[in-house]
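Input: a single structure, listed below in structure tokens.
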Amino acid sequence: MPRTASKPTKKRSKPYTVTSSDTDPVPSASSKTKKSSKENDEKYKLFNKYANTSSGIIDPEGIEKLCSKLKVSHTDIKILMLAWKMKAKRQGYFTKAEWRRALKALKVDTIKKLKKALPELEKEVRKPLNFADFYAYAFRYCLTDERQNCIDIGTICQLLDMVLGSTFRDQVDHFVDYLKIQNDYKVITMDQWMGFYRFCNEISFPDMTNYSLELAWPLILDNFFEWMREKQA
């Protein structure tokens, strides 16, 4: 008898299992925008507490109030570090955009959170690559005029003590002593400022045995070197 073709067996499809991804709502673009807007509102509310109502920026008086709330002096290096984080362009003034930049990076929106973030900010700044940038920024931040390219000796001495004093105490103390007694320089340029930072990192001190007058150091450091040798003689 001829064989009859058997009917193909239909495969039973597996029952569909509902996963959490099918039921969890996906945040819409509008909800993300609302969250971002709310975070910005909190930062701006905090900004407005210290901003001058006429100029719309935080001025020296506002910074004093901010420092009081943070329980730090306005001359504390942490405030300069905060300005660095903001990329603030003008000494003693914080714009709303600069304020938002720093608070967003630090992920804070209250004074309590900002105060707690300052020690972590200092750790960040103290990293070698960041610190070199911070050191250069400290000089630029103290320039009070767009056409200004140098800073008076008195201010430089204070700035050196604030920025480098805790890391290179011996070098800073001797260099500041030299700056105060010498009569050749009334101001310091960025090249001289950065030259001293390089000096602190590369030259053994106080013996300075690896310092050479033939290398390309700023003249003021050659003079400092010779002054130190005369003191040690």
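Counting from 1, the numbers follow the sequence of the chain as shown.
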Does any donor atom in the side chain of Asp191 or Thr189 lie under 3.5 Å from an acceptor atom in the other side chain?
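Their side chains do not contain a donor-acceptor pair, so the 3.5 Å distance test is not met.
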Looking just at side-chain N and O atoms, do Asn130 and Trp84 make a donor-acceptor pair shorter than 3.5 Å?
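No, because no side-chain N or O of Asn130 sits under 3.5 Å from a partner of the opposite role on Trp84.
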Non-neighbouring partners of Lys112 that pass side chain to side chain contact (heavy atoms under 4.5 Å, CB included), sequence neighbours left out:
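Residues passing side chain to side chain contact (heavy atoms under 4.5 Å, CB included) with Lys112: Thr110.
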Enclosure of Arg229 CZ (heavy-atom neighbours >12, cutoff 6.0 Å)
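Open: at most 12 neighbouring heavy atoms sit under 6.0 Å from CZ of Arg229.
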Closer than 4.0 angstrom, basic N to acidic O: yes or no for Glu42 and Lys45?
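The answer is yes: the pair qualifies as a salt bridge.
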May I ask you to decide whether Arg101 forms a salt bridge with Glu98, counting only side-chain N to carboxylate O separations under 4.0 Å?
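Between Glu98 and Arg101 there is no salt bridge, as every charged N stays at least 4.0 Å from the carboxylate O atoms.
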Work out which heavy atom in [X] is nearest to a heavy atom in [Y]; give both atom names and the distance.
{"X": "His74", "Y": "Cys67", "result": "CA-SG, 3.6 Å"}
{"X": "Leu221", "Y": "Phe196", "result": "CD1-N, 3.8 Å"}
{"X": "Val108", "Y": "Ala117", "result": "CG1-CB, 4.0 Å"}
{"X": "Phe225", "Y": "Leu213", "result": "CD2-CD2, 3.8 Å"}

Side-chain donor or acceptor of [X] paired with backbone N/O of [Y] under 3.5 Å:
{"X": "Asp133", "Y": "Leu129", "answer": "no"}
{"X": "Tyr211", "Y": "Ser204", "answer": "no"}
{"X": "Tyr137", "Y": "Met81", "answer": "no"}
{"X": "Asp76", "Y": "Ile79", "answer": "no"}
{"X": "Glu226", "Y": "Asn223", "answer": "no"}

Going only through I, L, V, M, F, W and Y residues with side-chain contacts under 4.5 Å, is there a path from Leu179 to Phe224?
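Result: yes, single cluster for both.
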Is the Tyr135 ring parallel, tilted or perpendicular to the Trp193 ring (thresholds 30°, 60°)?
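Parallel, since the angle between the ring planes stays under 30°.
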Residue among Lys78, Lys85, Lys127 satisfying salt bridge (charged side-chain N to carboxylate O under 4.0 Å, His left out) with Glu122
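Checked Lys78, Lys85, Lys127 against Glu122; only one passes salt bridge (charged side-chain N to carboxylate O under 4.0 Å, His left out): Lys78.
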Counting the benzene-type ring for Trp, do Phe134 and Phe131 have ring centres under 6.0 Å apart?
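Here the rings of Phe131 and Phe134 have centres that are less than 6.0 Å from each other.
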Check whether any side-chain heavy atom of Asp184 lies under 4.5 Å from a side-chain heavy atom of Leu219, and answer yes or no.
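No. Closest side-chain heavy atoms not under 4.5 Å.
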Run the numbers on Phe205 and Phe168 for ring pair (Phe, Tyr, Trp, His ring centres under 6.0 Å), then give the verdict.
CA-CA 10 Å; Phe205 199 85; Phe168 299 104; 9.8 Å; no
Which pairs pass side-chain hydrogen bond (donor to acceptor under 3.5 Å, both in side chains) with one or both residues in residues 169-180, sequence neighbours excluded?
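Of all non-adjacent pairs touching residues 169-180, those that pass side-chain hydrogen bond (donor to acceptor under 3.5 Å, both in side chains) are Asp161-Arg169, Arg169-Asp173, Asp170-His174.
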